[in-house]
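Okay, structure first, notes after.
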Amino acid sequence: MCGRFVLIQVGELMVRFMVIAPYPGGHRQDPGPLPAMFSEPRYNIAPTQKVLTVNFQNGERSIRPMRWGLIPSWAKNGQKLPLNINARDDRLATAGSWRGPLRNGRCLIPADGYYEWTGPKNNRKPVFIHRKDGRLFAFAGLYDTWRHPFSGELTRSCAIVTTSPNSLLRPVHHRMPVILEEEAEAVWLDPSITHVGSLLALIQPYPDEYMEAYPVGNAVNRVAADGPALLAPAPEQPFLTEK
DNA sequence: CCAGACGTTGTT
DNA sequence: GTCTGG
DNA sequence: CCAGACGTTGTT
DNA sequence: GTCTGG
């Protein structure tokens, strides 16, 4: 994981994350109009694009768009940094880019599924991975806020935590994104929790019995491609083994 | 002490 | 081959 | 993650 | 900002 994902049920965000899963002392909040790019479902969200996140802001959950690809708060203007779209779980507590966000910048990144590419480098095939029941879920995310040195403009950006794959995905890839169970979502978002061990304990491979994976066509390879057709199962492969 | 890094994935 | 852009 | 670029001078 | 390497 994970350089593409899907966010179809945009309209379910409020219900799923603000109402069904309330938190102590919190209340429902109107997220206001969503960014234009989320006025329609998205089937191919790529790094550097805006993603919708859920985080804690002024004592309540809030839905915010952020850039996918974390820019640390300490980055100098113009400094070249890696595209931080994934954060390895075993590096969260120590790596400079993650340590601060693990304490103060935890978020959820809602999605309906994601793509993983599998196979040899010159013949990689995209696979779509999702919940069997099709429900919205949330990746464990980290975010940071970067301040433009002159304009003062704030840029919020995020990364998806990765861990070892479950048994379903092990044949597909050697990493998988961290998907939180609903009880874990509230803990991950709770800003009062700063004990690193309590946070890392939430990070587990999502149970494979809830998930399903199937090959899709290579149209998703192009970042500009979008739409439900990307989720169509890949057509049967013709017999190529015999020359 | 200062200078420089600060990341991940995938690798026939 | 390696970096950048989306 | 994959696709696509990868560059400069001089300027109607 | 904070850690690591020298």
Side-chain angles (χ1 to χ4, degrees), chain A residues 1-7 35-38 40 42-52 65-105 109 111-130 139-149 154-165 169-179 194 196 203 205 213 215-227 230-231 234:
Chain A
M1 165 59 182
C2 158
R4 305 296 173 81
F5 67 91
V6 159
L7 182 53
M37 68 186 304
F38 289 102
E40 296 294 331
R42 292 293 310 280
Y43 296 84
N44 194 8
I45 301 175
T48 72
Q49 294 181 341
K50 293 245 182 199
V51 300
L52 294 182
M66 294 189 191
R67 180 191 125 110
W68 182 21
L70 185 144
I71 302 167
S73 57
W74 41 257
K76 307 267 188 295
N77 198 22
Q79 181 179 7
K80 276 289 179 197
L81 284 170
L83 186 57
N84 291 316
I85 62 175
N86 294 147
R88 289 184 59 98
D89 58 346
D90 54 346
R91 300 268 298 137
L92 297 189
T94 49
S97 293
W98 312 136
R99 186 195 314 253
L102 180 64
R103 275 189 71 91
N104 314 310
I109 302 173
D112 299 296
Y114 67 98
Y115 304 99
E116 200 80 83
W117 278 260
T118 194
K121 192 165 77 173
N122 54 5
N123 192 24
R124 313 197 64 202
K125 295 283 198 288
V127 171
F128 182 61
I129 296 137
H130 65 114
F139 296 126
L142 297 175
Y143 74 92
D144 208 342
T145 306
W146 183 79
R147 184 182 183 280
H148 189 102
L154 299 180
T155 300
R156 290 187 185 83
S157 57
C158 62
I160 295 171
V161 179
T162 66
T163 190
S164 307
L169 296 173
R170 186 160 292 112
V172 175
H173 210 67
H174 71 131
R175 304 292 295 169
M176 72 175 287
V178 173
I179 297 170
T194 54
V196 168
I203 292 171
V216 294
N218 63 8
V220 69
N221 290 5
R222 285 182 307 110
V223 166
D226 203 349
L230 297 181
L231 300 186

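Numbers restart at 1 for each chain; the letters A, B, ... are given by sequence-line order, proteins then strands. Everything numeric in this text was worked out from a predicted model, so none of it was measured.
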Exercise. For A/Leu83 and A/Pro47, work out which heavy atoms get closest and say how close.
Key: CD2-CB, 3.8 Å
Self-check item: Taking every non-hydrogen atom, the tightest pair across A/Ile85 and A/Gly3
Solution: CD1-CA, 4.2 Å
Hey, does the side chain of [X] come within less than 4.0 Å of [N]'s phosphate (OP1/OP2), counting only N and O?
{"X": "A/Arg99", "N": "B/dC6", "value": "no"}
{"X": "A/Arg222", "N": "D/dA3", "value": "no"}
{"X": "A/Arg88", "N": "B/dT9", "value": "yes"}
{"X": "A/Thr162", "N": "B/dT9", "value": "yes"}

Rounded to the nearest angstrom, tell me the gap between atom [atom1] in [X] and atom [atom2] in [N].
{"X": "A/Trp117", "N": "B/dT11", "atom1": "CH2", "atom2": "P", "answer": "14 Å"}
{"X": "A/Met176", "N": "B/dT9", "atom1": "CE", "atom2": "C1'", "answer": "16 Å"}
{"X": "A/Gln49", "N": "C/dT4", "atom1": "CD", "atom2": "P", "answer": "19 Å"}
{"X": "A/Asn221", "N": "C/dG5", "atom1": "CG", "atom2": "P", "answer": "20 Å"}
{"X": "A/Trp68", "N": "B/dT8", "atom1": "CH2", "atom2": "P", "answer": "14 Å"}
{"X": "A/Leu102", "N": "B/dC6", "atom1": "CG", "atom2": "C1'", "answer": "16 Å"}
{"X": "A/Asn122", "N": "C/dG1", "atom1": "CG", "atom2": "P", "answer": "12 Å"}
{"X": "A/Trp98", "N": "B/dG7", "atom1": "CH2", "atom2": "P", "answer": "7 Å"}

Exercise. Inspect the surroundings of CZ in A/Arg103 and state if more than 12 heavy atoms from other residues, nucleotides or ligands are less than 6.0 Å away.
Key: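 Open.
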Quiz item: In this structure, are over 12 heavy atoms from other groups packed under 6.0 Å from A/Arg170 atom CZ?
Solution: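 Counting other residues, nucleotides and ligands, CZ of A/Arg170 exceeds 12 neighbours.
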Taking the [atom1] atom of each, how far is [N] from [M], in whole Å?
{"N": "D/dC2", "M": "B/dT9", "atom1": "P", "answer": "13 Å"}
{"N": "B/dA3", "M": "D/dC6", "atom1": "C1'", "answer": "31 Å"}
{"N": "B/dT11", "M": "E/dG1", "atom1": "C1'", "answer": "34 Å"}

Quiz item: Just by modelled atom types, is the A/Ala224 backbone N or O under 3.5 Å from a matching donor or acceptor in the A/Arg222 side chain?
Solution: no
Quiz item: Taking the inter-plane angle between the rings of A/Phe128 and A/Tyr115 on a 0 to 90° scale, is it parallel (under 30°), tilted (30 to 60°) or perpendicular (over 60°)?
Solution: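 Tilted, since the angle between the ring planes falls between 30° and 60°.
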Quiz item: So, do A/Ile160 and A/Phe5 sit near enough that their side-chain heavy atoms are less than 4.5 Å apart?
Solution: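 Yes; the side chains approach each other to less than 4.5 Å.
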Exercise. Tell me the partner of B/dC6, counting only Watson-Crick (N1-N3 plus N6-O4 or O6-N4) or G-U wobble (N1-O2 and O6-N3) with both under 3.5 Å; none if nothing fits.
Key: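 Across all strands, the one nucleotide that pairs with B/dC6 is E/dG1.
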Practice problem: Mind running a 4.0 Å heavy-atom check of residues 69-83 of chain A against DNA chain B and sending the residues that fall below it, in number order? | Solution: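 Within residues 69-83 of chain A, the residues near DNA chain B are A/Trp74, A/Gln79, A/Pro82.
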Practice problem: Would you classify A/Arg4 as touching base, sugar-phosphate or nothing, given that sugar-phosphate means primed atoms plus P, OP1 and OP2, and contacts are heavy atoms under 4.0 Å? | Solution: base
Quiz item: Between A/Lys121 and A/Thr48, which is nearer to the 5' end of DNA chain C once each is assigned its nearest nucleotide?
Solution: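 Looking at the nearest nucleotide for each, A/Lys121 comes out on the 5' side.
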Quiz item: Between A/Asp112 and A/Arg42, is there a side-chain N and carboxylate O pair less than 4.0 Å apart?
Solution: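 Salt bridge flag = no for A/Arg42 with A/Asp112.
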Practice problem: Consider the side chain of A/Arg124, meaning its heavy atoms from C-beta on, and name the nucleotide among B/dG7, D/dC2, B/dT9 that approaches it most closely. | Solution: D/dC2
